[in-house]
2 protein chains.
Amino acid sequence: MNPEIFENIIKFINQFVDFKEEELIALQNKIEIVQLKKNEIFIQEGEIADRIAFTNKGYLKVYYYHEGEEITRDITPLHSFATALPSFVSQTPSFEIISAITDCELITINKSDLEYLYSSFPKWERLGRKIIEEMFVESQRRIYSFITETAEIRYKKLLKQYPDMIRDVPLKYIADFLGIKLQSLSRLRKSLEW
Amino acid sequence: MNPEIFENIIKFINQFVDFKEEELIALQNKIEIVQLKKNEIFIQEGEIADRIAFTNKGYLKVYYYHEGEEITRDITPLHSFATALPSFVSQTPSFEIISAITDCELITINKSDLEYLYSSFPKWERLGRKIIEEMFVESQRRIYSFITETAEIRYKKLLKQYPDMIRDVPLKYIADFLGIKLQSLSRLRKSLEW
DNA sequence: TTAATTATTTAACAAATGTTAAATGATTTT
DNA sequence: AAAATCATTTAACATTTGTTAAATAATTAA
């Protein structure tokens, strides 16, 4: 496999399951590289999510419309997986939309090819399980932070963990991610200036 | 398998993967039934979580200590799986504690037996993946509700979805679960009386 | 059954966050 | 470069939730 472009995903995958060079080849033909310009849509509302993406470059947002307003539930960090999972797992129309916050390079695989990998090679199914376990743990961490932390602490931690994200992503999406309004985030940032 | 006691778990499992009678037998020897009295602990802080539980009867809470205070992150609904996942997956000491809110009957399996099932029968690994996917989706739903809904709406929805839970579980844990203080929940309940 | 403990409510005041509306700044398009 | 659009800040006021401290209610243990 082209080491240039696949370096990050291979590094990510090998955290969970050890694949040999030749096992990774099985993936090669199934993969499609997708380049998205800022604001382009990866998964559209009402569409059935049939692909999962690894963010090789750039930031995606996962959002939906709530009372006419766009609400960003997730900003995918660099080098992580994203899809509209409720739609992807049940193959029903997606209420979630995924689009590019910045120009993005995505490594994608579609549902049927992934199912093929899962069914043909138990190691891939294991990888799928482990990745989703990790995503679940992270999701639980976020729930803890909603329960116990103020917006200020959540913001400070995000700033510390993903300084680049704050730089590259409009504050509207950061505010949604933190569960507060843009104006409240702005006030909060002001109060942290000194 | 004793249909009496395993009825719920079999129903749960068969939502995800179709097992034949004889395939379920593989599970039988691996399972341990645990009866917990109210307030008894299933996973202790600092202990390595080596079991996962299906709640056949009763409610468990998943909590941890934050600034000396107990904070409940999760109340497990009836007939669902629970473990201190960060500890369970990485086999490191758990910061989370799991204990019984009410008397509980748990169907448990330990980590090494589960790994054995995963490795020996791909269908079990598939089941594990699907269950965790479902848990992740539910977790994301909760994040949406923290972002877009007021505590009042979160409470009303909980009341509607799990009326029994509100009846059987002290309000302190419900309040934690909703991300508000007990006193705020009490005030909120008062305001809903009319 | 009484005492002790645990759970829930109440209330006054404080702090955090939301709402509305507008101003300012930055970026993109013409 | 000017106009248009998008992003961020600001401010006044409203609402929600937290904090502290206590009273009351319900449950459990002696």
Side-chain angles (χ1 to χ4, degrees), chain A residues 37-41 58-59 61 63 66-72 75 99-103 143-159 164-194, chain B residues 36-40 58-59 61 63 66-72 75 99-103 143-159 164-194:
Chain A
K37 286 280 172 207
K38 181 175 166 178
N39 294 325
E40 274 191 280
I41 286 182
Y59 295 99
K61 61 178 165 156
Y63 61 102
H66 176 78
E67 294 169 0
E69 240 202 329
E70 177 185 320
I71 302 289
T72 296
I75 302 164
S99 73
I101 296 178
T102 60
D103 291 355
I143 287 174
Y144 270 121
S145 89
F146 276 115
I147 293 177
T148 57
E149 295 168 356
T150 61
E152 178 175 333
I153 294 177
R154 293 204 294 283
Y155 175 70
K156 281 181 176 167
K157 286 193 174 175
L158 191 67
L159 200 57
D164 299 352
M165 189 191 279
I166 309 282
R167 213 187 44 230
D168 297 339
V169 170
L171 293 177
K172 169 65 173 84
Y173 311 134
I174 305 281
D176 280 355
F177 182 85
L178 295 172
I180 58 176
K181 298 291 162 183
L182 172 62
Q183 296 91 326
S184 300
L185 175 57
S186 188
R187 173 170 45 201
L188 195 161
R189 281 159 57 86
K190 175 102 187 151
S191 79
L192 294 179
E193 271 172 16
W194 306 115
Chain B
L36 288 186
K37 286 278 173 210
K38 181 174 169 180
N39 294 324
E40 275 192 278
Y59 295 99
K61 60 177 166 160
Y63 61 102
H66 175 77
E67 294 169 0
E69 240 202 329
E70 177 185 322
I71 302 289
T72 296
I75 302 164
S99 72
I101 296 177
T102 59
D103 292 355
I143 288 175
Y144 271 120
S145 87
F146 276 115
I147 292 177
T148 58
E149 294 168 0
T150 61
E152 178 176 332
I153 293 177
R154 293 204 293 283
Y155 175 69
K156 281 181 178 169
K157 285 193 173 175
L158 191 66
L159 199 57
D164 298 352
M165 188 190 280
I166 309 282
R167 214 189 42 230
D168 297 340
V169 169
L171 293 177
K172 169 65 172 84
Y173 310 134
I174 305 280
D176 280 356
F177 182 85
L178 296 172
I180 58 176
K181 298 292 163 184
L182 172 61
Q183 296 90 327
S184 300
L185 175 57
S186 188
R187 173 170 45 200
L188 196 161
R189 282 158 58 86
K190 175 104 188 146
S191 79
L192 295 179
E193 270 172 15
W194 307 113

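Only this structure's heavy atoms are used, side chains among them; waters, hydrogens and symmetry mates stay out. Chain naming here is simple, since letters A, B, ... match the order of the sequence lines and numbering starts at 1 in each.
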Under a 4.0 Å heavy-atom cutoff, the residues of residues 165-180 of chain B touching DNA chain C are B:Pro170, B:Leu171, B:Lys172
In this structure, how many angstroms lie between the [atom2] atom of [N] and the [atom1] atom of [X], rounded?
| X | N | atom1 | atom2 | result |
| --- | --- | --- | --- | --- |
| A:Arg187 | C:dA21 | CZ | C1' | 14 Å |
| A:Glu152 | C:dA15 | CD | C1' | 12 Å |
| B:Glu69 | D:dG18 | CD | P | 12 Å |
| A:Glu67 | C:dT19 | CD | P | 10 Å |
| A:Leu185 | D:dT10 | CG | C1' | 14 Å |
| B:Leu188 | C:dT9 | CG | C1' | 13 Å |
| A:Glu70 | D:dA7 | CD | C1' | 14 Å |
| A:Tyr155 | C:dA16 | OH | P | 17 Å |

Residue [X], side-chain heavy atoms: nucleotide from [options] that is nearest:
| X | options | value |
| --- | --- | --- |
| A:Lys181 | C:dT10, D:dG18, C:dT19 | C:dT19 |
| B:Ser186 | C:dA12, D:dT10, C:dT8 | C:dT8 |
| A:Gln183 | D:dG18, D:dA11, C:dT9 | D:dA11 |

Okay, side chain of A:Thr72, backbone of A:Phe177: is any donor-acceptor separation there less than 3.5 Å?
no
Is the side chain of A:Asp103 donor-acceptor paired with the backbone N or O of A:Lys38 at a distance under 3.5 Å, no angle test?
yes
Have a look at A:Leu182 and say if it touches a base, only the backbone sugar-phosphate, or nothing, with a 4.0 Å heavy-atom cut-off.
base
Distance test, side-chain N/O of A:Lys190 to OP1/OP2 of D:dT10, below 4.0 Å:
yes
When you check the phosphate oxygens OP1 and OP2 of D:dT9, does a side-chain N or O of A:Arg189 lie under 4.0 Å from one of them?
yes
Rounded to the nearest 0.5 Å, what separates atom [atom1] in [X] from atom [atom2] in [Y]?
| X | Y | atom1 | atom2 | answer |
| --- | --- | --- | --- | --- |
| A:Ile180 | A:Glu152 | CD1 | CD | 10.0 Å |
| A:Lys181 | A:Asp176 | NZ | CG | 7.5 Å |
| A:Leu158 | A:Ile75 | CG | CD1 | 7.0 Å |
| A:Thr148 | A:Arg154 | OG1 | CZ | 9.0 Å |

Taking for B:Lys38 and for B:Arg154 the nucleotide of DNA chain D with the nearest heavy atom, the one nearer the 5' end belongs to B:Arg154
Are A:Glu193 and A:Arg189 ion-paired here, with the side-chain N under 4.0 Å from a carboxylate O?
no
